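In what follows, every chain begins at residue 1, and chains take the letters A, B, ... in the order their sequences are listed. Predicted model, so just to flag it, every value in this text is computed and none were measured. Below, each value reflects all heavy atoms present in this structure, side chains not excepted, and no hydrogens, waters or symmetry copies.
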Amino acid sequence: MRDFYTNVYEIVDQIPFGRVTTYGAIANALGVRKSSRLVGIAMNHSHCVAPALPSHRVVNRVGLLTGKHHFAGERLMEQLLVNEGIVIINNQVQDFKRIFWDPLD
DNA sequence: GGCATGACTACCG
DNA sequence: GCGGTAGCCATGC
């Protein structure tokens, strides 16, 4: 098995345009639901390893943009999502359940 | 090889 | 319903 990070990157890379997923869902897809935190950490490292990674499409389980502060600008993550037709209100993805994408799907 | 860390989640009062 | 607490585990020092 390759590095855990690499696995996470591959999942994130498969997130369709205009859709989002959660750290827990990714961890679950990797068979390690309990390691959801590692997914977030992998994202944190991703910015220098895989800049093209759509990490802005990954949010926490309720659709909250918990990782927005790790982006260059305060509104960058939100901007990117809105740019894909996703509505963000108060740092939270609207219609989250509808645009949620399950990696196992 | 032991210890701290973290973009999470689930549980409890 | 909300804030605090605990579990989890790969990675880096």
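In this structure, A:N91 places its CG atom 15 Å from P of B:dA7, rounding to the nearest Å. Here B:dC8 presents its P atom at 10 Å from CG of A:L64, a figure rounded to the nearest Å. Look at CD1 on A:I15: it is 18 Å from P on B:dA7, rounded to the nearest Å. Rounded to whole angstrom, the span from the NE2 atom of A:H70 across to the C1' atom of B:dG6 amounts to 8 Å. Atom-to-atom, CG of A:D3 to C1' of C:dG12 comes out at 13 Å; the value is rounded to the nearest Å. Rounded to whole Å, atom P of B:dC8 lies 7 Å from atom CG of A:N60. Here C:dC9 presents its P atom at 14 Å from CG of A:L30, a figure rounded to the nearest Å. Distance, A:I41 CD1 to C:dC9 C1': 9 Å, rounded to whole Å.
Residue A:N44 is classed as a base contact, given a heavy-atom separation below 4.0 Å to a base.
Considering only side-chain N and O atoms, A:K34 lies nowhere under 4.0 angstrom from the phosphate OP1 or OP2 of C:dG7. Close to B:dA10, at under 4.0 Å from its OP1 or OP2, lies a side-chain N or O of A:R61. Put simply, A:T66 has a side-chain N or O that comes within less than 4.0 Å of OP1 or OP2 on B:dC8.
Looking at A:Q14, its side chain never comes within 3.5 Å of a backbone N or O of A:P103 through a donor-acceptor pair. A donor-acceptor contact shorter than 3.5 Å links the side chain of A:R19 to the backbone of A:I99. Looking at A:K68, its side chain does come within 3.5 Å of a backbone N or O of A:E74 through a donor-acceptor pair. The closest donor-acceptor contact from the side chain of A:D102 to the backbone of A:L104 lies under 3.5 Å.
Taking only distance into account, the side chain of A:R37 meets the base of C:dC8 through a donor-acceptor pair shorter than 3.5 Å.
Checked against B:dG6, C:dT11, B:dA7, the side chain of A:Y23 finds its nearest nucleotide in B:dA7. Comparing atom distances between the A:M43 side chain and each of B:dA10, B:dA7, C:dG12 picks out B:dA7 as nearest. The side chain of A:Y5 has C:dT11 as its nearest neighbour among C:dC9, B:dA7, C:dT11.
A:Y23 and A:N60 make their closest contact through CE1-N, 3.4 Å (heavy atoms, listed as atom of the first residue, atom of the second, distance).
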